[in-house]
Amino acid sequence: MPLLKVEGLSKSFGGLQAVSGVSFQVAEGEILGLIGPNGSGKTTVLNLITGFLQPNAGAIWFCDENVVNLPRHQICRRGIARTFQLTKPFLNITALENVLVGRMYGRQPAPSRKAAEEESLALLERVGLGDKAHSLVKDLSLMQRKKVELARALAAKPKLLLLDEIMAGLNPAEVDDAMHLIREIRSWNITLIVVEHIVKAILGLCDRVVVLNMGEKIAEGAPQEIVHDPHVIEVYLGKVYA
Amino acid sequence: MSRRDIAFIISTLIAAAALAVVPTITTKESVINLLVLVYIYVMMASSWNIIGGIAGQVNLGHAAFFGLGSLVSRILWTKGWPLSISLILGALVPVAFALLIGAPSFKLRGVYFAIGTLAMAQILFITTRNLFPMISSLPTEALSTYSLAPRYYMALGMTLLTVLVVFWLSRSRWGLGMVAVREETSAAESLGVSALQHKLLALCLSALFAGLAGGVFAYYSAGYYLFFPFFPTWTFDAVMATYIGGTGTVIGPIIGAVFYVLVKEILALRFVELHPFIFGTLFILVVLFLPGGMIQIWSRLRRLLVRKSTLAPSAAKEEQVPETNMVHDRPAVE
């Protein structure tokens, strides 16, 4: 049984068909890559799965329940958490308090504030922000804010975690760290959907890749197959190279 | 509870105990009257702060809750109901009203909640002015036995209750969720926080304590026009006191209300009609240059001192400035 099953998902904004008839599945424990050129509908798919947008058609089955039309906080409590491509941290409170929100709400809220604080601190340390726990997030850099968002999403104890371009802007060494961290997250029994542009990360991390172009799924398979798929190459580089 | 939390509760209780002694050492009615006014303003600012400061939803109809609370309490009490029941109902009716207006208006985003609450309060103000144009006076036998002391203790007790509940809220899971909703509603929801529930709870608590303040006013006043507590100035006074003191914090609205009442009394004596203008200017200056309110002066000073001490080679020990849970430098109105 797949953890997540997306069936015939469509979403249009006015005349623009952002996502049309996209279907795919994610098995438990998998890391699924979601790639495609800019504007291909990757973030829209994440927004649809997390209830930030309502689809015009299609179904999203999570643990055998159709989560379409569920309010966002209910979707989180069922076990789907996310980060944002354009970060949305709680700016005027500390990094620790940001993570606390995830830990005190989310899927399995901590029984007490003390426990929640300890676990949140541990998560911040794991993403490398232990020393910034008591800083206001508005005083942190963009990269640090992304880490806060990741820790915050993990604190919600998701079964499925959606990462939206979390590695954008990282240098090669930082990408390696991030890949290591994502593998570790998987070892915590968390399934992942990763939207990413960095080829190295996609090849090195993902078990399977779904390729979108102009809102449609154009390919799906193991990363090695995908990078040799003529259709995918055409979409990224033009017909000459395909 | 942290040491700072315990220190806050203890100092609050000590302050309340000290204030409780005041009627025994002074017989000046003007002092007692001024303090009762301060208490009512602390309740109004602190209760506005729950929805406006902590949950970040700008409510411009706070006078409606205050007015409803005083109206219900006063009518029931002067009709012979027990004072306690009159006050409780005076607090609960505004809560019911808050639910009635909150449920639909929180579906709206942005400025509509502010406009909606302002319109709702004005409608109530005009309606009560038409329905109850008369002065509500205490019956003569009640007037002859009128005593300030029980009013004073009632106001002090209710203020203490308000402050302690706001303090508890600010340290609770619910308070954290409200702050998350204020800071970034959609991110809060993506972490499992129900924005609607948190906004509604904040509005209901806010209405509860504003209604209670109305009840205190009804019990305290010998005679007043029943529509007087519905005046929009009650809203704006509460908003300004909160901002001047420091919105979103527990102590800010208290400091702001004390400062506001005292300065207002002095200005009203000297300039009579000019004081709203002075307060308007002060409000604008605070929002522009000190968006964290008066308590921001304190945290800025501390940061400066810490920076100096860490710069000085002799003071090698690094001290981190602990940030209060709710302090934020950004005004809730944008």
Side-chain angles (χ1 to χ4, degrees), chain A residues 46-47 49-52 71-84 86-114 116-117 131-139 148-149 152-158 162, chain B residues 1-2 4-5 53-56 106-107 168-199 246-249 291-293 296 299 303 306-307 318-332 334:
Chain A
L46 294 196
N47 283 338
I49 294 172
T50 49
F52 277 62
R72 296 166 198 175
H73 66 274
Q74 290 290 356
I75 291 177
C76 171
R77 288 179 197 175
R78 300 283 197 285
I80 305 181
R82 67 173 295 177
T83 64
F84 297 90
L86 302 168
T87 57
K88 290 175 184 279
F90 309 126
L91 286 175
N92 293 301
I93 56 177
T94 66
L96 179 62
E97 285 164 343
N98 267 260
V99 182
L100 265 181
V101 176
R103 200 62 213 91
M104 297 185 82
Y105 290 85
R107 185 166 70 93
Q108 289 166 340
S112 73
R113 182 152 185 139
K114 198 164 182 296
E117 281 185 7
D131 57 328
K132 296 284 180 195
H134 297 286
S135 302
L136 297 182
V137 174
K138 66 176 176 184
D139 297 331
V148 170
E149 275 206 355
R152 191 173 76 170
L154 285 169
K157 297 275 173 219
L162 316 182
Chain B
M1 265 202 289
S2 71
R4 279 154 50 91
D5 292 356
I54 296 177
F106 282 137
K107 306 267 179 202
W168 164 81
L169 180 70
S170 77
R171 299 295 184 268
S172 73
R173 174 176 178 266
W174 280 97
L176 183 69
M178 286 173 193
V179 170
V181 168
R182 172 191 81 199
E183 290 293 313
E184 192 61 67
T185 307
S186 60
E189 287 178 317
S190 83
L191 293 170
V193 181
S194 164
L196 183 64
Q197 272 178 22
H198 282 73
K199 288 180 191 174
T247 162
T249 65
Q296 199 187 2
S299 60
R303 276 194 196 194
V306 169
R307 200 169 299 158
E318 279 213 18
E319 189 191 339
Q320 261 222 323
V321 190
E323 297 285 351
T324 41
N325 188 22
M326 299 297 172
V327 176
H328 64 103
D329 286 357
R330 195 179 62 182
E334 286 184 54

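Here is how names work: the chains are called A, B, and so on, in the same order as the sequence lines, proteins then strands, and each is numbered from 1. The basis for the numbers below is simple: all heavy atoms, side chains too, and nothing from hydrogens, waters or symmetry mates. Predicted model, so just to flag it, every value in this text is computed and none were measured.
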Subject >> Residue selection (most heavy-atom pairs with chain A, distance under 4.5 Å) from Ala188(B), Gly192(B), Ala195(B) >> reply: Gly192(B)

Original post:
Just how far is it from atom CD of Glu184(B) to atom CD1 of Ile93(A), taken to the nearest 0.5 Å?
Top reply: 11.0 Å

Original post:
Which residues satisfy the side-chain contact (heavy atoms from CB on, under 4.5 Å) test with Ile75(A), sequence neighbours excluded?
Top reply: Val67(A), Leu70(A), Ile80(A)

Original post:
How long is the gap from CD on Glu149(A) to OG on Ser190(B), to the nearest 0.5 Å?
Top reply: 8.0 Å

**OP:** Return yes if some donor-acceptor pair links the side-chain N/O of Glu183(B) with the main-chain N/O of Asn92(A) below 3.5 Å, else return no.
**Re:** yes

**OP:** Measure distances from Pro158(A) to the heavy atoms of chain B and classify the residue's part below 4.5 Å as side chain, backbone, both or neither.
**Re:** neither

Subject >> 4.5 Å side-chain heavy-atom contact, Ser186(B) and Arg72(A) >> reply: yes

Subject >> Nearest heavy atoms of Leu191(B) and Ala156(A), plus distance in Å >> reply: CD2-CB, 4.5 Å

**OP:** Compare every heavy atom of Met104(A) with every heavy atom of Arg173(B), then report the nearest pair and how far apart it is.
**Re:** NE-O, 2.5 Å

Subject >> Test side-chain contact (heavy atoms from CB on, under 4.5 Å) applied to His198(B) - qualifying residues, sequence neighbours left out >> reply: Tyr105(A), Trp174(B), Met178(B), Val181(B), Val193(B)

Original post:
Which bit of Arg152(A) comes within less than 4.5 Å of chain B, counting heavy atoms only: side chain, backbone, both or neither?
Top reply: both

**OP:** Identify the two heavy atoms, one from Ala180(B) and one from Phe90(A), that lie closest to each other, and give their separation to 0.1 Å.
**Re:** O-CE2, 3.4 Å

